[in-house]
Amino acid sequence: MINKKLTSLFISIMIIAAIFLQISCKPTIQTDLTKENIIPKPVSVTATGDYFCLGEKASIYIQGETAELMQTGNYLAERLRPATGFPLEVRTTTEEPGKGNIFLTLSGADASVGDEGYILSVTKKLITISAKKPAGLFNGIQTLRQLFPASIDMSTKQDFDWHISGGTITDYPAYNYRGVMLDVTRHFFSVEDVKRYIDLVSAYKINYLHLHLSDDQGWRIEIKSWPNLAIYGGKTEVGGGVGGYYTQEQYADIVKYADSHFITVVPEIDMPGHTNAALASYAELNIKGKATDLYTGTEVGFSTLATKKEITYKFIEDVFGELASLTTGPYIHIGGDESHVTKKEDYIPFVERVQDIVIKLGKTPIGWDEISLGKLRPGAIAQYWSSAENANKAVAQGTKLLMSPAARAYIDMKYDSTTVIGYTWAGLIEVDKAYNWDPASLEQGIGKENIIGIEAALWSETITNMKEVEFLTFPRLPGLAEVGWTPSTLRNWDEYKMRLGNHAKRFKAQDINYYPSKLVPWVD
Ligand code: TNX
(Lines give C-alpha, C1' and ligand atoms only; values in the text may rest on other atoms or scores of the structure.)
Protein backbone atom coordinates (compact mmCIF):
# COMPACT_ATOMS: atom_id res chain seq x y z
CA MET A 1 0.00 0.00 0.00
CA ILE A 2 2.65 2.46 1.14
CA ASN A 3 4.82 1.29 -1.72
CA LYS A 4 2.03 1.96 -4.23
CA LYS A 5 1.46 5.43 -2.82
CA LEU A 6 5.17 6.18 -2.97
CA THR A 7 5.35 4.98 -6.56
CA SER A 8 2.45 7.17 -7.65
CA LEU A 9 3.96 10.13 -5.75
CA PHE A 10 7.24 9.49 -7.52
CA ILE A 11 5.51 9.34 -10.90
CA SER A 12 3.64 12.57 -10.17
CA ILE A 13 6.88 14.30 -9.20
CA MET A 14 8.50 13.05 -12.39
CA ILE A 15 5.60 14.33 -14.49
CA ILE A 16 5.70 17.72 -12.77
CA ALA A 17 9.46 17.87 -13.22
CA ALA A 18 9.11 16.96 -16.90
CA ILE A 19 6.44 19.63 -17.39
CA PHE A 20 8.59 22.14 -15.52
CA LEU A 21 11.61 21.30 -17.65
CA GLN A 22 9.51 21.68 -20.75
CA ILE A 23 8.16 25.05 -19.57
CA SER A 24 11.55 26.28 -18.38
CA CYS A 25 12.89 25.68 -21.86
CA LYS A 26 9.95 27.13 -23.73
CA PRO A 27 11.09 30.17 -25.61
CA THR A 28 9.41 33.38 -24.54
CA ILE A 29 10.36 35.22 -27.70
CA GLN A 30 10.41 34.40 -31.39
CA THR A 31 12.25 31.34 -32.70
CA ASP A 32 12.76 32.42 -36.31
CA LEU A 33 16.50 32.43 -36.95
CA THR A 34 16.11 34.73 -39.96
CA LYS A 35 14.75 37.45 -37.64
CA GLU A 36 17.78 37.53 -35.36
CA ASN A 37 19.70 40.81 -35.18
CA ILE A 38 23.14 39.55 -36.13
CA ILE A 39 25.89 42.13 -36.80
CA PRO A 40 27.70 41.82 -39.16
CA LYS A 41 24.85 40.38 -41.19
CA PRO A 42 25.67 36.81 -42.28
CA VAL A 43 25.83 35.73 -45.91
CA SER A 44 22.99 33.22 -45.57
CA VAL A 45 20.47 32.23 -42.89
CA THR A 46 17.76 29.57 -43.07
CA ALA A 47 15.33 28.87 -40.25
CA THR A 48 13.60 25.69 -39.11
CA GLY A 49 11.32 27.24 -36.49
CA ASP A 50 12.80 24.84 -33.93
CA TYR A 51 14.85 25.93 -30.99
CA PHE A 52 17.73 24.68 -28.86
CA CYS A 53 17.80 25.12 -25.12
CA LEU A 54 21.11 25.37 -23.28
CA GLY A 55 20.84 23.54 -19.97
CA GLU A 56 22.96 23.08 -16.89
CA LYS A 57 24.31 19.74 -18.16
CA ALA A 58 25.63 21.09 -21.46
CA SER A 59 29.29 20.68 -22.37
CA ILE A 60 31.35 22.19 -25.14
CA TYR A 61 32.86 19.47 -27.30
CA ILE A 62 35.80 20.15 -29.58
CA GLN A 63 36.81 17.76 -32.31
CA GLY A 64 40.60 17.59 -32.28
CA GLU A 65 43.07 18.44 -29.57
CA THR A 66 45.16 21.33 -30.83
CA ALA A 67 45.94 24.07 -28.35
CA GLU A 68 44.18 26.63 -30.57
CA LEU A 69 40.98 24.59 -30.63
CA MET A 70 41.10 24.08 -26.89
CA GLN A 71 41.60 27.82 -26.42
CA THR A 72 38.61 28.51 -28.66
CA GLY A 73 36.43 26.09 -26.69
CA ASN A 74 37.56 27.69 -23.43
CA TYR A 75 36.87 31.13 -24.84
CA LEU A 76 33.27 30.16 -25.57
CA ALA A 77 32.86 28.55 -22.15
CA GLU A 78 34.18 31.70 -20.46
CA ARG A 79 31.70 33.87 -22.38
CA LEU A 80 28.73 31.69 -21.41
CA ARG A 81 29.55 30.71 -17.82
CA PRO A 82 29.01 33.95 -15.85
CA ALA A 83 25.44 34.68 -16.99
CA THR A 84 24.25 31.06 -17.18
CA GLY A 85 26.00 29.91 -14.04
CA PHE A 86 26.49 26.55 -15.82
CA PRO A 87 29.78 24.65 -15.54
CA LEU A 88 30.05 24.15 -19.34
CA GLU A 89 33.00 21.82 -19.35
CA VAL A 90 35.20 21.76 -22.44
CA ARG A 91 35.83 18.21 -23.67
CA THR A 92 37.50 16.69 -26.69
CA THR A 93 35.68 14.19 -28.87
CA THR A 94 36.16 12.24 -32.09
CA GLU A 95 32.49 12.14 -33.03
CA GLU A 96 29.31 14.17 -32.83
CA PRO A 97 28.28 14.51 -29.18
CA GLY A 98 24.85 13.66 -27.78
CA LYS A 99 21.82 15.85 -27.14
CA GLY A 100 22.03 19.23 -25.46
CA ASN A 101 25.66 20.11 -26.18
CA ILE A 102 27.71 22.54 -28.24
CA PHE A 103 30.05 21.04 -30.83
CA LEU A 104 33.01 22.87 -32.42
CA THR A 105 34.55 20.99 -35.33
CA LEU A 106 37.05 21.54 -38.10
CA SER A 107 35.42 18.99 -40.34
CA GLY A 108 32.26 19.23 -42.37
CA ALA A 109 32.46 22.86 -43.49
CA ASP A 110 32.63 23.40 -47.24
CA ALA A 111 35.93 24.84 -48.51
CA SER A 112 34.01 27.85 -49.84
CA VAL A 113 33.76 29.31 -46.31
CA GLY A 114 37.52 29.98 -46.45
CA ASP A 115 39.85 30.58 -43.51
CA GLU A 116 37.47 32.80 -41.55
CA GLY A 117 34.06 31.46 -42.48
CA TYR A 118 31.88 29.00 -40.59
CA ILE A 119 28.65 27.07 -40.67
CA LEU A 120 26.49 27.35 -37.57
CA SER A 121 23.74 24.80 -37.28
CA VAL A 122 21.18 24.85 -34.49
CA THR A 123 18.84 21.90 -34.07
CA LYS A 124 16.68 20.89 -31.10
CA LYS A 125 19.46 18.48 -30.26
CA LEU A 126 22.76 20.24 -30.85
CA ILE A 127 24.57 23.46 -31.67
CA THR A 128 27.33 22.79 -34.20
CA ILE A 129 29.88 25.25 -35.48
CA SER A 130 32.02 23.87 -38.27
CA ALA A 131 34.86 25.69 -39.98
CA LYS A 132 38.08 25.11 -41.89
CA LYS A 133 40.24 26.97 -39.37
CA PRO A 134 40.00 27.97 -35.69
CA ALA A 135 39.48 31.59 -36.82
CA GLY A 136 36.26 30.46 -38.49
CA LEU A 137 35.11 28.76 -35.30
CA PHE A 138 35.84 31.96 -33.41
CA ASN A 139 33.71 33.96 -35.85
CA GLY A 140 30.93 31.40 -35.53
CA ILE A 141 31.14 31.78 -31.75
CA GLN A 142 30.60 35.55 -32.11
CA THR A 143 27.44 34.85 -34.09
CA LEU A 144 26.30 32.27 -31.55
CA ARG A 145 26.74 34.78 -28.69
CA GLN A 146 24.36 37.12 -30.50
CA LEU A 147 21.70 34.41 -30.82
CA PHE A 148 21.34 34.15 -27.04
CA PRO A 149 19.29 36.73 -25.13
CA ALA A 150 21.39 39.87 -24.49
CA SER A 151 21.68 38.91 -20.80
CA ILE A 152 24.22 36.30 -21.89
CA ASP A 153 26.76 39.14 -21.79
CA MET A 154 26.11 39.98 -18.14
CA SER A 155 28.91 39.22 -15.71
CA THR A 156 26.67 37.68 -13.03
CA LYS A 157 24.20 34.77 -13.05
CA GLN A 158 20.87 35.63 -14.70
CA ASP A 159 17.61 33.73 -14.37
CA PHE A 160 16.88 33.01 -17.98
CA ASP A 161 15.81 30.38 -20.47
CA TRP A 162 18.87 30.11 -22.64
CA HIS A 163 17.15 29.10 -25.85
CA ILE A 164 18.19 29.98 -29.36
CA SER A 165 16.40 29.75 -32.70
CA GLY A 166 16.99 26.76 -34.95
CA GLY A 167 18.38 26.75 -38.49
CA THR A 168 21.63 27.11 -40.38
CA ILE A 169 23.93 30.07 -40.95
CA THR A 170 26.60 29.94 -43.63
CA ASP A 171 28.93 32.87 -43.37
CA TYR A 172 32.28 34.26 -44.52
CA PRO A 173 33.79 37.73 -44.93
CA ALA A 174 33.78 39.97 -47.99
CA TYR A 175 37.23 41.33 -47.02
CA ASN A 176 40.11 39.60 -45.24
CA TYR A 177 41.20 42.70 -43.34
CA ARG A 178 38.67 44.26 -40.96
CA GLY A 179 40.57 46.51 -38.64
CA VAL A 180 40.44 49.20 -36.06
CA MET A 181 43.25 51.60 -35.22
CA LEU A 182 43.75 52.90 -31.71
CA ASP A 183 46.02 55.91 -31.20
CA VAL A 184 47.78 55.29 -27.89
CA THR A 185 50.18 58.21 -28.36
CA ARG A 186 48.12 61.39 -28.14
CA HIS A 187 46.69 59.90 -24.97
CA PHE A 188 48.07 56.71 -23.52
CA PHE A 189 45.81 53.73 -22.82
CA SER A 190 46.74 50.95 -20.41
CA VAL A 191 47.17 47.25 -21.20
CA GLU A 192 43.83 46.62 -19.47
CA ASP A 193 42.15 49.26 -21.64
CA VAL A 194 43.54 47.72 -24.82
CA LYS A 195 42.38 44.27 -23.70
CA ARG A 196 38.85 45.55 -23.09
CA TYR A 197 38.94 47.13 -26.55
CA ILE A 198 39.94 43.75 -27.99
CA ASP A 199 37.07 42.09 -26.11
CA LEU A 200 34.56 44.57 -27.48
CA VAL A 201 35.66 44.77 -31.11
CA SER A 202 36.27 41.04 -31.55
CA ALA A 203 32.54 40.50 -30.92
CA TYR A 204 31.96 42.16 -34.31
CA LYS A 205 34.52 40.00 -36.11
CA ILE A 206 37.21 42.69 -36.30
CA ASN A 207 40.45 40.81 -36.99
CA TYR A 208 43.19 43.49 -37.00
CA LEU A 209 44.19 45.95 -34.29
CA HIS A 210 46.50 48.68 -35.56
CA LEU A 211 48.30 50.38 -32.67
CA HIS A 212 49.63 53.86 -33.43
CA LEU A 213 52.65 53.61 -31.12
CA SER A 214 54.62 56.77 -31.78
CA ASP A 215 53.88 60.35 -32.65
CA ASP A 216 54.93 63.89 -31.77
CA GLN A 217 53.36 63.66 -28.32
CA GLY A 218 54.68 60.32 -27.15
CA TRP A 219 56.66 57.14 -27.76
CA ARG A 220 54.74 54.19 -26.32
CA ILE A 221 56.83 51.04 -26.75
CA GLU A 222 60.04 50.12 -24.95
CA ILE A 223 62.98 49.77 -27.36
CA LYS A 224 65.88 48.21 -25.49
CA SER A 225 68.59 49.49 -27.86
CA TRP A 226 67.25 53.08 -27.68
CA PRO A 227 65.90 53.22 -24.12
CA ASN A 228 65.25 56.97 -23.96
CA LEU A 229 62.51 56.69 -26.57
CA ALA A 230 60.10 55.27 -24.01
CA ILE A 231 61.65 56.52 -20.78
CA TYR A 232 61.88 60.14 -21.91
CA GLY A 233 59.76 60.24 -25.07
CA GLY A 234 56.89 58.46 -23.33
CA LYS A 235 56.75 60.85 -20.37
CA THR A 236 53.80 62.94 -21.44
CA GLU A 237 50.82 63.26 -23.79
CA VAL A 238 48.37 65.81 -25.22
CA GLY A 239 47.43 68.25 -22.46
CA GLY A 240 50.57 67.47 -20.42
CA GLY A 241 49.38 64.32 -18.61
CA VAL A 242 51.80 61.64 -17.47
CA GLY A 243 51.68 59.57 -20.67
CA GLY A 244 53.25 56.14 -20.37
CA TYR A 245 54.56 53.27 -22.47
CA TYR A 246 54.31 49.51 -22.76
CA THR A 247 57.30 47.46 -21.67
CA GLN A 248 58.12 44.74 -24.19
CA GLU A 249 56.61 42.18 -21.81
CA GLN A 250 53.38 44.17 -21.61
CA TYR A 251 53.31 44.63 -25.35
CA ALA A 252 53.87 40.89 -25.90
CA ASP A 253 50.97 40.30 -23.52
CA ILE A 254 48.71 42.53 -25.65
CA VAL A 255 49.78 40.69 -28.81
CA LYS A 256 49.10 37.33 -27.17
CA TYR A 257 45.70 38.45 -25.93
CA ALA A 258 44.82 39.77 -29.38
CA ASP A 259 46.02 36.53 -31.02
CA SER A 260 43.80 34.53 -28.68
CA HIS A 261 40.89 36.61 -30.05
CA PHE A 262 42.04 36.01 -33.65
CA ILE A 263 43.07 39.64 -33.89
CA THR A 264 46.44 40.44 -35.46
CA VAL A 265 48.24 43.45 -34.01
CA VAL A 266 49.73 45.86 -36.57
CA PRO A 267 52.31 48.10 -34.86
CA GLU A 268 52.91 51.55 -36.32
CA ILE A 269 55.99 53.69 -35.85
CA ASP A 270 55.12 56.85 -37.75
CA MET A 271 57.92 58.47 -39.80
CA PRO A 272 59.59 60.61 -41.06
CA GLY A 273 57.03 63.13 -39.72
CA HIS A 274 55.08 62.74 -36.47
CA THR A 275 58.42 62.04 -34.76
CA ASN A 276 58.87 64.76 -32.15
CA ALA A 277 58.90 62.30 -29.24
CA ALA A 278 61.89 60.51 -30.81
CA LEU A 279 63.55 63.80 -31.75
CA ALA A 280 63.22 64.98 -28.15
CA SER A 281 64.74 61.74 -26.87
CA TYR A 282 67.83 61.59 -29.11
CA ALA A 283 69.62 64.71 -30.40
CA GLU A 284 71.38 62.78 -33.18
CA LEU A 285 68.10 62.05 -34.97
CA ASN A 286 67.58 65.79 -35.63
CA ILE A 287 68.79 67.55 -38.78
CA LYS A 288 70.64 70.10 -36.64
CA GLY A 289 71.77 67.57 -34.02
CA LYS A 290 69.86 69.25 -31.20
CA ALA A 291 67.08 67.56 -29.27
CA THR A 292 63.64 69.20 -29.40
CA ASP A 293 61.36 69.77 -26.41
CA LEU A 294 58.61 67.30 -25.55
CA TYR A 295 55.32 68.33 -27.14
CA THR A 296 51.82 68.26 -25.63
CA GLY A 297 49.82 70.19 -28.27
CA THR A 298 47.78 68.88 -31.20
CA GLU A 299 49.39 70.41 -34.28
CA VAL A 300 50.50 67.99 -36.98
CA GLY A 301 53.22 68.06 -39.63
CA PHE A 302 56.01 70.06 -37.93
CA SER A 303 58.57 67.33 -37.22
CA THR A 304 60.90 65.23 -39.37
CA LEU A 305 63.65 62.70 -38.91
CA ALA A 306 66.99 63.62 -40.50
CA THR A 307 66.47 61.61 -43.68
CA LYS A 308 70.02 62.20 -44.91
CA LYS A 309 71.81 60.89 -41.83
CA GLU A 310 72.90 57.25 -41.68
CA ILE A 311 72.20 57.13 -37.94
CA THR A 312 68.51 57.57 -38.79
CA TYR A 313 68.50 54.27 -40.69
CA LYS A 314 70.41 52.52 -37.91
CA PHE A 315 67.71 53.80 -35.55
CA ILE A 316 64.94 52.50 -37.83
CA GLU A 317 66.60 49.10 -38.24
CA ASP A 318 66.99 48.76 -34.48
CA VAL A 319 63.45 49.86 -33.70
CA PHE A 320 61.80 47.72 -36.38
CA GLY A 321 64.13 44.82 -35.54
CA GLU A 322 62.88 44.76 -31.95
CA LEU A 323 59.31 45.38 -33.02
CA ALA A 324 59.38 42.62 -35.64
CA SER A 325 60.42 40.10 -33.02
CA LEU A 326 57.39 41.13 -30.93
CA THR A 327 55.06 40.91 -33.93
CA THR A 328 53.25 37.66 -34.70
CA GLY A 329 51.42 39.07 -37.72
CA PRO A 330 52.72 39.91 -41.19
CA TYR A 331 52.54 43.73 -41.11
CA ILE A 332 54.58 46.62 -39.81
CA HIS A 333 53.12 50.09 -40.35
CA ILE A 334 55.66 52.78 -41.25
CA GLY A 335 53.31 55.79 -41.08
CA GLY A 336 54.48 58.24 -43.73
CA ASP A 337 51.60 60.74 -43.35
CA GLU A 338 51.69 64.52 -43.15
CA SER A 339 55.46 64.92 -43.41
CA HIS A 340 54.97 68.58 -44.26
CA VAL A 341 58.50 69.65 -43.31
CA THR A 342 60.28 66.81 -45.14
CA LYS A 343 61.25 67.84 -48.68
CA LYS A 344 59.60 65.66 -51.32
CA GLU A 345 62.98 64.72 -52.77
CA ASP A 346 64.01 63.49 -49.32
CA TYR A 347 60.67 61.88 -48.46
CA ILE A 348 60.57 59.54 -51.46
CA PRO A 349 63.94 57.79 -51.05
CA PHE A 350 63.31 57.64 -47.30
CA VAL A 351 60.02 55.78 -47.68
CA GLU A 352 61.55 53.43 -50.25
CA ARG A 353 64.47 52.59 -47.96
CA VAL A 354 62.23 52.08 -44.93
CA GLN A 355 60.05 49.64 -46.88
CA ASP A 356 63.21 47.67 -47.68
CA ILE A 357 64.18 47.58 -44.00
CA VAL A 358 60.77 46.13 -43.08
CA ILE A 359 60.91 43.57 -45.90
CA LYS A 360 64.40 42.49 -44.84
CA LEU A 361 62.95 41.72 -41.42
CA GLY A 362 60.47 39.37 -43.06
CA LYS A 363 57.50 41.70 -42.63
CA THR A 364 55.16 43.51 -45.03
CA PRO A 365 55.15 47.31 -44.90
CA ILE A 366 51.93 49.33 -44.68
CA GLY A 367 51.92 53.12 -44.89
CA TRP A 368 49.41 55.96 -45.11
CA ASP A 369 48.44 56.86 -48.68
CA GLU A 370 51.24 59.44 -49.09
CA ILE A 371 53.79 56.60 -49.41
CA SER A 372 52.54 56.00 -52.95
CA LEU A 373 54.42 59.17 -53.98
CA GLY A 374 57.44 56.88 -54.08
CA LYS A 375 57.95 53.39 -55.46
CA LEU A 376 55.95 50.85 -53.56
CA ARG A 377 57.59 47.50 -52.98
CA PRO A 378 55.78 44.36 -54.14
CA GLY A 379 53.28 43.31 -51.49
CA ALA A 380 53.35 46.65 -49.63
CA ILE A 381 49.96 48.07 -48.61
CA ALA A 382 48.82 51.70 -48.85
CA GLN A 383 46.24 52.89 -46.35
CA TYR A 384 43.83 55.29 -48.04
CA TRP A 385 42.73 58.00 -45.61
CA SER A 386 42.46 61.31 -47.47
CA SER A 387 43.90 61.47 -50.97
CA ALA A 388 42.12 59.61 -53.77
CA GLU A 389 44.95 60.74 -56.01
CA ASN A 390 47.51 58.99 -53.81
CA ALA A 391 45.29 55.93 -53.58
CA ASN A 392 45.09 55.77 -57.37
CA LYS A 393 48.86 56.13 -57.60
CA ALA A 394 49.13 53.06 -55.39
CA VAL A 395 46.66 51.10 -57.54
CA ALA A 396 48.59 52.11 -60.67
CA GLN A 397 51.66 50.46 -59.10
CA GLY A 398 49.70 47.27 -58.45
CA THR A 399 49.54 47.97 -54.71
CA LYS A 400 46.54 46.92 -52.64
CA LEU A 401 44.71 49.39 -50.45
CA LEU A 402 43.45 49.35 -46.93
CA MET A 403 40.40 51.64 -46.93
CA SER A 404 40.08 54.20 -44.13
CA PRO A 405 38.36 57.14 -45.83
CA ALA A 406 38.37 59.85 -43.16
CA ALA A 407 34.83 61.04 -43.96
CA ARG A 408 33.44 57.55 -43.17
CA ALA A 409 35.91 55.61 -41.09
CA TYR A 410 37.55 58.22 -38.84
CA ILE A 411 35.70 57.48 -35.67
CA ASP A 412 37.42 60.36 -33.90
CA MET A 413 35.02 62.68 -35.78
CA LYS A 414 32.00 64.03 -33.89
CA TYR A 415 28.62 62.42 -34.56
CA ASP A 416 26.83 65.76 -34.74
CA SER A 417 27.48 69.36 -33.74
CA THR A 418 26.52 68.62 -30.12
CA THR A 419 29.07 65.83 -29.59
CA VAL A 420 31.40 67.09 -26.86
CA ILE A 421 34.53 65.11 -27.80
CA GLY A 422 35.95 64.51 -31.27
CA TYR A 423 37.12 66.47 -34.29
CA THR A 424 35.21 67.85 -37.29
CA TRP A 425 37.89 68.30 -39.96
CA ALA A 426 36.64 65.33 -42.00
CA GLY A 427 33.00 66.23 -41.35
CA LEU A 428 30.41 65.01 -38.88
CA ILE A 429 29.99 61.24 -39.04
CA GLU A 430 26.56 60.14 -37.86
CA VAL A 431 25.97 56.41 -37.50
CA ASP A 432 24.35 56.16 -40.96
CA LYS A 433 27.28 57.91 -42.65
CA ALA A 434 29.79 55.46 -41.15
CA TYR A 435 27.63 52.58 -42.45
CA ASN A 436 26.35 53.76 -45.80
CA TRP A 437 29.30 53.29 -48.13
CA ASP A 438 30.87 50.61 -50.23
CA PRO A 439 34.68 50.38 -50.25
CA ALA A 440 34.64 49.02 -53.81
CA SER A 441 32.68 51.92 -55.32
CA LEU A 442 33.80 54.84 -53.14
CA GLU A 443 36.46 56.14 -55.50
CA GLN A 444 36.81 55.99 -59.26
CA GLY A 445 39.40 53.46 -60.33
CA ILE A 446 39.41 51.54 -57.03
CA GLY A 447 37.55 48.23 -57.14
CA LYS A 448 37.20 45.27 -54.81
CA GLU A 449 40.19 43.58 -56.44
CA ASN A 450 42.39 46.50 -55.29
CA ILE A 451 41.28 46.35 -51.67
CA ILE A 452 42.38 44.13 -48.78
CA GLY A 453 39.80 45.56 -46.43
CA ILE A 454 38.75 48.44 -44.24
CA GLU A 455 39.96 50.01 -41.03
CA ALA A 456 38.23 52.37 -38.61
CA ALA A 457 40.67 54.87 -37.09
CA LEU A 458 40.36 56.24 -33.59
CA TRP A 459 42.78 59.13 -33.06
CA SER A 460 43.00 60.21 -29.45
CA GLU A 461 43.74 63.95 -29.32
CA THR A 462 40.33 64.62 -27.74
CA ILE A 463 39.80 61.46 -25.70
CA THR A 464 41.43 60.59 -22.40
CA ASN A 465 39.71 57.47 -21.01
CA MET A 466 37.90 54.28 -21.98
CA LYS A 467 34.42 55.75 -21.55
CA GLU A 468 35.29 58.25 -24.28
CA VAL A 469 36.95 55.60 -26.42
CA GLU A 470 33.74 53.56 -26.20
CA PHE A 471 31.51 56.54 -26.94
CA LEU A 472 33.23 57.29 -30.26
CA THR A 473 33.57 53.60 -31.16
CA PHE A 474 30.02 52.48 -30.41
CA PRO A 475 27.87 52.25 -32.34
CA ARG A 476 29.88 53.24 -35.41
CA LEU A 477 32.30 50.33 -35.26
CA PRO A 478 29.67 47.55 -35.59
CA GLY A 479 28.52 49.28 -38.80
CA LEU A 480 32.04 49.55 -40.16
CA ALA A 481 32.63 45.91 -39.24
CA GLU A 482 29.60 45.05 -41.36
CA VAL A 483 30.99 47.16 -44.24
CA GLY A 484 34.06 44.92 -44.12
CA TRP A 485 32.30 41.60 -43.58
CA THR A 486 28.97 41.62 -45.42
CA PRO A 487 28.61 41.74 -49.22
CA SER A 488 27.41 45.22 -50.22
CA THR A 489 24.40 43.69 -52.02
CA LEU A 490 23.08 42.47 -48.64
CA ARG A 491 23.52 45.76 -46.85
CA ASN A 492 20.90 48.43 -46.39
CA TRP A 493 20.78 51.17 -43.74
CA ASP A 494 17.03 50.94 -43.05
CA GLU A 495 17.29 47.26 -42.28
CA TYR A 496 20.63 47.58 -40.48
CA LYS A 497 19.39 50.28 -38.10
CA MET A 498 16.69 47.93 -36.79
CA ARG A 499 19.29 45.27 -36.04
CA LEU A 500 21.60 47.84 -34.47
CA GLY A 501 18.77 49.11 -32.26
CA ASN A 502 18.54 45.65 -30.75
CA HIS A 503 22.21 45.76 -29.75
CA ALA A 504 21.57 48.44 -27.10
CA LYS A 505 20.75 45.62 -24.67
CA ARG A 506 24.07 43.97 -25.48
CA PHE A 507 25.96 47.26 -25.08
CA LYS A 508 24.30 47.73 -21.70
CA ALA A 509 25.00 44.18 -20.57
CA GLN A 510 28.70 44.86 -21.24
CA ASP A 511 28.58 48.33 -19.72
CA ILE A 512 29.61 49.94 -23.01
CA ASN A 513 29.26 53.72 -23.04
CA TYR A 514 27.61 54.11 -26.48
CA TYR A 515 26.20 57.10 -28.34
CA PRO A 516 22.39 56.75 -28.43
CA SER A 517 21.96 58.21 -31.93
CA LYS A 518 18.48 59.52 -32.74
CA LEU A 519 18.71 57.83 -36.14
CA VAL A 520 18.51 54.39 -34.54
CA PRO A 521 15.32 52.84 -33.09
CA TRP A 522 16.86 51.60 -29.85
CA VAL A 523 15.14 48.69 -28.14
CA ASP A 524 15.96 48.68 -24.44
C1 TNX B 1 45.13 63.10 -39.35
S2 TNX B 1 45.15 60.38 -40.45
C3 TNX B 1 46.23 62.37 -38.95
C4 TNX B 1 46.48 62.15 -37.52
C5 TNX B 1 45.50 62.92 -36.66
C6 TNX B 1 44.12 62.79 -37.25
C7 TNX B 1 43.06 63.43 -36.41
C8 TNX B 1 46.59 60.62 -40.49
C9 TNX B 1 47.31 59.65 -41.29
N10 TNX B 1 47.05 61.67 -39.81
O11 TNX B 1 47.79 62.51 -37.20
O12 TNX B 1 45.54 62.38 -35.38
O13 TNX B 1 44.12 63.39 -38.51
O14 TNX B 1 41.79 63.19 -36.91
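On a predicted model such as this, the values are computed, not experimentally measured, just so you know. The residues of the chain are indexed from 1 along the displayed sequence. Below, each value reflects all heavy atoms present in this structure, side chains not excepted, and no hydrogens, waters or symmetry copies. As the structure lists them, so they are numbered: ligands from 1, and atoms in each ligand from 1.
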Practice task
Sequence neighbours left out, what passes salt bridge (charged side-chain N to carboxylate O under 4.0 Å, His left out) with Glu222? Give chain and number order.
Solution key: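 For Glu222, the residues satisfying salt bridge (charged side-chain N to carboxylate O under 4.0 Å, His left out) (neighbours in sequence not counted) are Lys224.
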Exercise for the section: Name all residues meeting the salt bridge (charged side-chain N to carboxylate O under 4.0 Å, His left out) criterion together with Lys393; count only those two or more places apart in sequence or in a different chain, and write none if there are none. Expected result: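 By the salt bridge (charged side-chain N to carboxylate O under 4.0 Å, His left out) rule, Lys393 matches Glu389.
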Problem - Contact residues of ligand 1, where a non-hydrogen atom lies under 4.0 Å away - result: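 Protein residues near ligand 1 are Arg186, His274, Val300, Asp337, Glu338, Trp368, Trp385, Tyr410, Asp412, Met413, Tyr423, Trp425, Trp459, Glu461.
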Below 3.5 Å, can you tabulate the donor-acceptor pairs from side chains in residues 235-242 to any protein atom, sequence neighbours excluded?
unit_1, atom_1, unit_2, atom_2, d
Thr236, OG1, Gly241, O, 2.9
Glu237, OE1, Phe188, N, 2.9

Within the 3.5 Å criterion, strictly below it, is a donor on [X] or [Y] matched to an acceptor on the partner's side chain?
X      : Y      : result
Tyr177 : His210 : no
Glu322 : Tyr251 : no
Ser404 : Gln383 : yes

